[in-house]
Amino acid sequence: MPHEALLEWYVEMGADEAISAAETNWFAASEAAAPAPVSRAESAPVSAPPAAHARAQVSGAPAQAGPRAQTSGAEPATDKAASALAAAAQSLDELRAALESLEGFPLKVTATNLVFGEGVETPDVMFIGEAPGADEDRQGRPFVGASGRLLDRMMASIGLDRAENAYITNILPWRPPGNREPTAAEIAICLPFIRRHIALVRPRIIVPVGGTAAKTLLDQRQGIMRLRGRRFEFSDPGLEQPLPAVPLFHPAFLLRSAGQKALAWRDLLTIRQIIQ
Ligand code: URA
């Protein structure tokens, strides 16, 4: 297959980011490793064989298995370490620095940029999506691709603008490779940071955008079809009082299912009513 066609095929399969500057010939690596028979004792597992790395790279599988992640050398991040780092942040700048200092989190290695958030402090509404996509990862800004443009229009329809009275961020500040869904472990590490983010931004209302954000922030098991448009309360020790929370369909879903836009419009009116 010519190189261009192979690259196009990779992108279609979701492997749309290079995670190493240098090309690796995994066939050569496995051929070199194959002929040397070793005893059981000698073959005690130290690290995964190169062939396993090759599979993880092409399929967009969890970054933990990728070669770059393995070279970071740090102990895996724990929920406890993440909570301590997040709790110590007294400002948004400190929270960003805390995220930058988090060690042992493989998504940091595969992502191009930290996508922290943008908008005004003490906004009317804080929108919280799932995780950055490819455009966001490249630019280091949340919701700037096709779904971001739709979200901007949805916000504008009820008088909201990220430059004036809204704030936008995500549960995960780093892009999962190939836009795969974040794992429960990744969400657990990022949760203390997004909770602190909300407490520091001090919005009047939060709007989880899409099922992952809604379930994570509101501790619910139901999907977005059942959660959207309902008024919940979001509590956190860092907040003086609980905040209203109204989940909204993800704009990426609305781009695929235009028939659901009427429901989204209804939910936007609920949000407008609360901020008025
Ligand atoms: N989808 C999200 O959930 N967040 C973004 O920032 C972009 C797309």
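Whatever order the structure lists ligands and atoms in, that order sets their numbers, starting from 1. All values below come from the heavy atoms of this structure, side chains included, with hydrogens, waters and symmetry mates left out.
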Going by the angle between their ring planes, with limits at 30° and 60°, are His197 and Phe116 parallel, tilted or perpendicular? parallel
Ranked by distance from atom 4 (N) of ligand 1, the top protein heavy atom is Asn170 OD1, 2.8 Å
Side-chain (Lys215) to main-chain (Gly223) donor-acceptor, under 3.5 angstrom: no
So is there a nitrogen or oxygen of Phe143 less than 3.5 Å from a nitrogen or oxygen in ligand 1? yes
Closest non-hydrogen atoms of Gly229 and Asp267, given as atom of the first, atom of the second and distance, are CA-OD1, 3.2 Å
Under 4.0 Å from ligand 1, counting heavy atoms only, is it the side chain of Glu130, its backbone, both or neither? both
So does Asp93 pair up with Arg96, basic N to acidic O under 4.0 Å? no
Examine Ala131 against ligand 1 and note whether any of their N/O atoms are separated by less than 3.5 Å. yes
Walk me through whether Leu268 and Met154 qualify under side chain to side chain contact (heavy atoms under 4.5 Å, CB included). CA-CA 8 Å; Leu268 286 165; Met154 291 162 72; 3.9 Å; yes
For ligand 1, which is the ligand I care about here, please tell me if His250 has any N or O atom under 3.5 Å from one of the ligand's N or O atoms. yes
Gln220 and Arg230: side chain donor to acceptor below 3.5 Å: no
Numbered atoms and elements of ligand 1 in range of Pro142, under 4.0 angstrom, heavy atoms: 6 (O)
What do you reckon, does Ser147 put a non-hydrogen atom under 4.0 Å from ligand 1? yes
